[in-house]
Amino acid sequence: MNIFLETNMKPNKNFIDGKWVASLEKETYQQKNPANLEQVTGIWPKSGLADVENAIDAAQKAYQNWSALTVHKRAEYLKKALSLMMERVPRIAEVLTAENGKTLGESRLEIRAAIKEMEFQISEGLYSLGEVMPSVQDGVLAYSTRRPLGVVAVIAPWNFPFNVPVRKCIPALMAGNTCILKPAQLTPGSGAAFVKLFEDAGLPAGVLNFVSGSGSVVGNALVKSPAVKAISFTGSTEVGTGIHQVASANLTRTQLEMGGKNAMVILKDADLEMAAHEATRAAFVCSGQWCTATSRIIVEKPVLDDFLGLLIENVKQLVVGNGTSRDTGMGPVCGEAQLKNILLGIEKGKSEGAEIVIGGGQLKEGGLAKGCFIEPTIFTGVTPDMYIAQEEIFGPVLSVIAVDDFEQALDVANNVRFGLSSSIFTNDLEKTHLFIDSTDVGLTHVNMSTAYKEPQLSFGGIKQSGSGIPEAGRTGIEFFTDHKVVYLKSKP
Ligand code: NAP
Ligand code: MG
């Protein structure tokens, strides 16, 4: 498998109706390696409305046969794709690193996590079809079944461009839907590598389609189409909110996984070494470009200095560089727009009076000058109303907020528009339970990083971080199905 190498520097294609086909639009764009912007990793179509229509037609045509298969037969196809995924981890990791910039180790972890998601969603799909409930009447069998929706669309982000399509497309396909994937423009090769697995596994034509192009054209056309019955989206709150508005005109259901401003609360009895270690990982792995990355540390004043000392020591060890190098602990950020946004966020922090204790700028020495490298950055003296305490910067930037006590920590943690993930470091059981009850998020953690997740549980935020039935876990398949309730009297 070397779709990426084979197609490198040639206009890549869409995958529609079981074939790689050129876009009907002539316009293309270059995807560049964020570690070296002079290196073009691929030329991709900016597809248009006719391409989207063709993909929808193909998916509609394939729907009848695919949904009529037994779920076990559908699982057979997906298991073949899964075994190819396992074989191709190193190759797909190269694609991911070249497009996104994350280190090869982070890319391999993303793919291995995707394998676990896929294993869970395949087995969940086999066993989660409806329920039987005792009827109140004699002789009546009362039960429900789940039905697929039809054609569904997945709109993916660039930060987990392989894992997110897996997490969304697999439950959709297991349930009997047919699917169209729109990758982020920054990471089309990772999406194409995912789709190629299914081509090679012999998935029937039209069941999974792939259309490369912009969100405003391809994404919007999918969201607007009455033929598309569900939209599963991961990305920014602003785009997700717009998608929700457009989709609601057709009552199309949406699953929106969006931004975060995730807090790690550190109480004065915490194991500070463990907390500093976890904070370093949660804030700077993947250059802070995780939706569940820790971007706020809320720490009780008596341990502020000790904690900061340990944190800075940890962060100093991070070597920033090309993700392909073994020594690299943190790669570039994903492209020029990200670079600019993150640097703007850092400038805002400075102008609001927060103090930088480490990092704070772009790295341009030697080979780094050609890429999008930012120092891991920590601000102290941050107050809860500052931009860097309220808004997602989505990069390697951590805001440290000092508080008087647990009550204030909780208050600060909750006082943002986002509600994705949180964590607390303490051994105080009473406060732990209070925090679990009162933290306004979709997932929370105790003595663990905000970024931790497992595939068998749902994943999604509240407030402006998420809307709709959450993805992954047992709700993964729920989103992509309708319920039909049956009352059956055998003897009238
Ligand atoms: P984004 O700009 O919202 O884009 C996400 C996807 O939506 C891309 O494929 C994009 O296409 C597409 N899109 C853009 N405008 C659209 C429109 N009008 N209609 C339909 N689709 C449209 O987000 P991003 O910059 O890729 O990702 C960063 C954000 O994702 C962060 O806020 C992060 O927190 C969030 N995120 C959340 C989760 C979660 O599960 N909660 C996970 C990962 C990331 P283009 O490529 O053309 O822009
Ligand atoms: Mg964007």
Side-chain angles (χ1 to χ4, degrees), residues 29 31 44-47 49 52 99-100 102 110 113 117 153-168 180-191 210-225 228 231-247 252 254-262 286-295 333-342 345 391-395 416-421 441-443 450-451 453 458-468 470-473 476:
Y29 73 96
Q31 200 290 335
W44 292 88
K46 273 196 181 251
S47 304
L49 299 184
V52 175
E99 286 191 333
N100 170 284
K102 63 179 73 179
E110 174 173 344
E117 298 272 358
V154 168
I155 299 179
W158 46 261
N159 65 333
F160 285 89
F162 191 80
N163 189 321
V164 171
V166 170
R167 206 187 283 168
K168 294 173 185 293
I180 300 162
L181 169 66
K182 189 214 101 57
Q185 287 189 84
L186 289 171
T187 51
S190 306
F210 168 89
V211 184
S212 134
S214 75
S216 53
V217 176
V218 174
N220 187 49
L222 290 167
V223 176
K224 263 169 99 169
S225 170
V228 174
I231 302 285
S232 180
F233 163 86
T234 295
S236 61
T237 299
E238 289 61 36
V239 171
T241 308
I243 286 177
H244 186 69
Q245 281 160 358
V246 175
T252 303
T254 57
Q255 175 179 63
L256 309 171
E257 305 299 350
M258 304 180 286
K261 190 73 192 172
N262 312 301
C286 296
S287 307
Q289 301 169 121
W290 301 47
C291 52
T292 50
T294 298
S295 57
V333 298
C334 189
E336 284 172 293
Q338 265 295 98
L339 178 73
K340 215 173 116 206
N341 272 340
I342 297 165
E391 294 304 324
E392 186 179 45
I393 296 175
F394 217 56
V416 290
R417 66 186 174 111
F418 299 106
L420 184 54
S421 183
V441 290
L443 58 155
T450 56
K453 85 171 284 295
S458 301
F459 179 80
I462 60 169
K463 292 159 76 177
Q464 291 191 27
S465 292
S467 160
E471 66 186 18

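Quick note: residue numbers are just sequence positions, from 1. In listed order, ligands and their atoms are each counted from 1.
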[X] (side chain) donor-acceptor with [Y] (main chain) under 3.5 angstrom:
X	Y	result
N262	A293	yes
E99	G189	yes
Q31	L186	yes
T450	T292	yes

Who's the nearest protein heavy-atom neighbour of [atom], and how far?
atom	answer
atom 19 (N) of ligand 1	G215 O, 3.3 Å
atom 15 (N) of ligand 1	V239 CG1, 3.5 Å
atom 36 (N) of ligand 1	C291 CB, 3.5 Å
atom 44 (C) of ligand 1	N159 ND2, 3.2 Å
atom 28 (C) of ligand 1	F394 CE2, 3.5 Å
atom 23 (O) of ligand 1	S236 N, 3.3 Å
atom 9 (O) of ligand 1	A156 O, 2.7 Å

Please say whether [X] places an N or O atom under 3.5 Å from an N or O atom belonging to ligand 1.
X	value
G235	yes
Q185	yes
K182	yes
S465	no
T234	no
E392	yes

Using a heavy-atom cut-off of under 4.0 Å, does the side chain or the backbone of [X] touch ligand 1, or both, or neither?
X	answer
I243	side chain
F233	side chain
I155	side chain
M258	backbone
F459	side chain
L420	side chain

Quick one: do the [X] and [Y] side chains pair a donor with an acceptor below 3.5 Å?
X	Y	answer
K168	T234	yes
Q255	S232	yes
T237	Q464	no

Please find the pair of heavy atoms, one from G260 and one from S465, that lie closest to each other, and give the distance.
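The answer is CA-OG, 4.0 Å.
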
Considering all heavy atoms, the nearest Y29-P188 contact:
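What the structure gives for the nearest pair is OH-CG, 3.5 Å.
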
Does some side-chain heavy atom of V239 sit less than 4.5 Å from a side-chain heavy atom of I155?
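No - every pair of side-chain heavy atoms lies 4.5 Å or more apart.
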
What is the distance from atom NZ of K182 to atom CD1 of I231, rounded to the nearest 0.5 Å?
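Rounded to the nearest 0.5 Å, the NZ-CD1 separation comes out at 12.0 Å.
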
Under a 4.0 angstrom heavy-atom cut-off, which atoms of ligand 1 come close to [X]?
X	result
G219	19 (N), 20 (C), 21 (N)
A184	9 (O), 46 (O)
N220	19 (N), 20 (C)
G259	32 (O), 34 (O)

Could you check whether atom CD of E238 has more than 12 heavy atoms from other residues, nucleotides or ligands sitting under 6.0 Å from it?
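More than 12 heavy atoms, drawn from other residues, nucleotides or ligands, come within 6.0 Å of this atom.
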
Heavy atoms of other groups near K224 NZ, more than 12 under 6.0 Å:
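No - once you tally the heavy atoms of other residues, nucleotides and ligands closer than 6.0 Å, there are 12 at most.
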
Among W158, F160, F162, side-chain contact (heavy atoms from CB on, under 4.5 Å) partner for N100
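Option passing the side-chain contact (heavy atoms from CB on, under 4.5 Å) with N100: W158.
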
W158 near ligand 1 by a heavy-atom separation under 4.0 Å:
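Heavy atoms of W158 do come under 4.0 Å of ligand 1.
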
S214 near ligand 1 by a heavy-atom separation under 4.0 Å
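Distance cut 4.0 Å: S214 passes for ligand 1.
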
Would Q185 and K46 count as a side-chain contact (heavy atoms from CB on, under 4.5 Å) here? Give the steps.
CA-CA 9 Å; Q185 287 189 84; K46 273 196 181 251; 3.6 Å; yes

